[in-house]
Amino acid sequence: MNKRKYRFFVICCLVLDLLVIMISGYRYLDRKIPDEIQIPRDRKTEDVTEVLSTPLVTFEEAVTVSQDGGYILPCKLLGYIPFKEIKVTPADDQEVYVSGSTIGIYMQTEGVLVIDTGEIQNRNGETEEPARNIIRQGDYIISFNGEKISTKRELIDDISELDGSEVTLGISRKGESIPVSVTPVKDKKGDYKLGIWVRDDTQGIGTLTYVDQNGNYGALGHGISDIDTAQLLNIRNGALYKARILAINKGSKGNPGELAGYICYDNRNILGTIEVNSRNGIYGQFTGIADDTITLKKMPIAYKQEVKPGPATILCCTDGQVREYDAKIRKIDLNHEDTNKSFVIQVTDEELLEATGGIVQGLSGSPVIQNGKVIGAVTHVFVQDASSGYGIFIENMLKNTKKTLLTDFQNVK
């Protein structure tokens, strides 16, 4: 009986190991072969299959091409098992003006962001929390008793006029607008309060990645989230400013480090508008010029399938001057679900390692160059290894630029 149980246990372990190997193999191939690629218009199907060539995977030899030159390329495992369909989109060769310059960022939220709810001590010395389970962290207050509000100042002014009556707040929660009712509490000073902590703007230091031929820019390579709620901020408007690096908090194991800078908040120092805050960066119209503080260099872009493990460089600014530093691409993921973590890059330049420890906060958006082309931008630093971090493909950033252009066109219409 014990032998039977042992055999059954061994068989189960073997089956489980086989399943793990199959799932891991499938996931590896899925990451190796993207769901969608862009290619120069003159590339043939054979060229595409050669670029994506992977053991165990075969591609259809004949495909139907649409009017714009795009097509769907089916592929199979072992020549028989359907694996996935790759969307192939033709694209014109493109050049952008890469930067690496430090920029100041200021954004105002779309509505007033609720950071948290809090307790109020009333006139009787009792503790109350009027907004608890009604208003949530991450909500945006967009109206007060039916009147639209945009700023914290407007909300404070409305609260100062309360008389104890129930108020109706318009809330934007996960993209849905809902009304909620809150009864204010009179505190020990005799003022009415709602018991909420709010914010309506944010600012910081980052790196300008590129400006395209139409004057649209991309920066950071990742979105800006609120420090308290960890949610991507919904923005009303914003601006880029000239900025100066004042100090460097060097990165080390367990400490990502940061660039400490000064933002010159003056209309004469505005470099552009911030129109989009997305998971893949911030985007808008660049209105500045190339000068002593902003570097712009024309360079062709590389498609993600052109990126290879090996030597690369990073353009960044740590002392007021954009310089090119040695690095290497350690790992490439053509199909990562988080597109701003598409490749792993490691700083190898001794000068940059000595100055910053590698990648620090504020270098997000630094252009990554390989074989004379811009391939993407730095987005994250590894907490346990400050010399390394993630990057985003330049083509994924440019997709957001196109969305910005489309939105502007629709607004004009």
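Remember, predicted model here, so these are calculated numbers, not experimental data.
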### Message
Parallel, tilted or perpendicular: which one describes the rings of H222 and H380, with boundaries at 30° and 60°?
### Response
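Because their plane-to-plane angle lies in the 30° to 60° range, the rings of H222 and H380 count as tilted.
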Taking [Y]'s backbone N and O only, do any of them form a donor-acceptor pair with [X]'s side chain (distance below 3.5 Å, no angle check)?
| X | Y | answer |
| --- | --- | --- |
| N255 | G257 | yes |
| Q370 | K308 | yes |
| N277 | L233 | yes |

For a 4.5 angstrom cut-off between non-hydrogen side-chain atoms, does [X] reach [Y]?
| X | Y | result |
| --- | --- | --- |
| I235 | E110 | no |
| T318 | Y325 | yes |
| I141 | I149 | yes |
| L208 | F286 | yes |
| L220 | T379 | no |
| Y217 | Y210 | no |
| I359 | I345 | yes |
| Q203 | Y265 | yes |

Exceeds 12 heavy-atom contacts within 6.0 angstrom, atom [atom1] of [X]:
| X | atom1 | value |
| --- | --- | --- |
| K250 | NZ | yes |
| N267 | CG | no |
| E147 | CD | no |
| R173 | CZ | yes |
| I227 | CD1 | no |
| Q213 | CD | yes |

Is there a donor in the side chain of [X] and an acceptor in the side chain of [Y], or the other way round, less than 3.5 Å apart?
| X | Y | result |
| --- | --- | --- |
| E129 | T117 | yes |
| S278 | N280 | no |
| D116 | Q137 | no |
| S388 | R330 | yes |
| Q285 | T273 | no |

### Message
Any salt bridge linking R199 with D228? Criterion: basic side-chain nitrogen under 4.0 Å from a carboxylate oxygen.
### Response
yes
### Task
Considering only NZ, NE, NH1 and NH2 on the basic side and carboxylate oxygens on the acidic side, decide whether R268 and D266 come within less than 4.0 Å.
yes
Output the distance between atom [atom1] ([X]) and atom [atom2] ([Y]), rounded to the nearest 0.5 Å.
| X | Y | atom1 | atom2 | value |
| --- | --- | --- | --- | --- |
| L162 | F144 | CG | CZ | 4.5 Å |
| R136 | R132 | CZ | CZ | 14.0 Å |
| L194 | L169 | CG | CG | 6.0 Å |
| T102 | L363 | OG1 | CG | 7.5 Å |
| D338 | R279 | CG | CZ | 5.0 Å |
| K399 | T339 | NZ | OG1 | 8.5 Å |

### Task
Applying side-chain contact (heavy atoms from CB on, under 4.5 Å), run through Y390 and N340 and close with a yes or a no.
CA-CA 7 Å; Y390 285 118; N340 56 26; over 6 Å; no
### Query
Between C317 and S101, what is the shortest heavy-atom contact and its length?
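Closest pair (atom of C317, atom of S101, distance): CB-CA, 4.5 Å.
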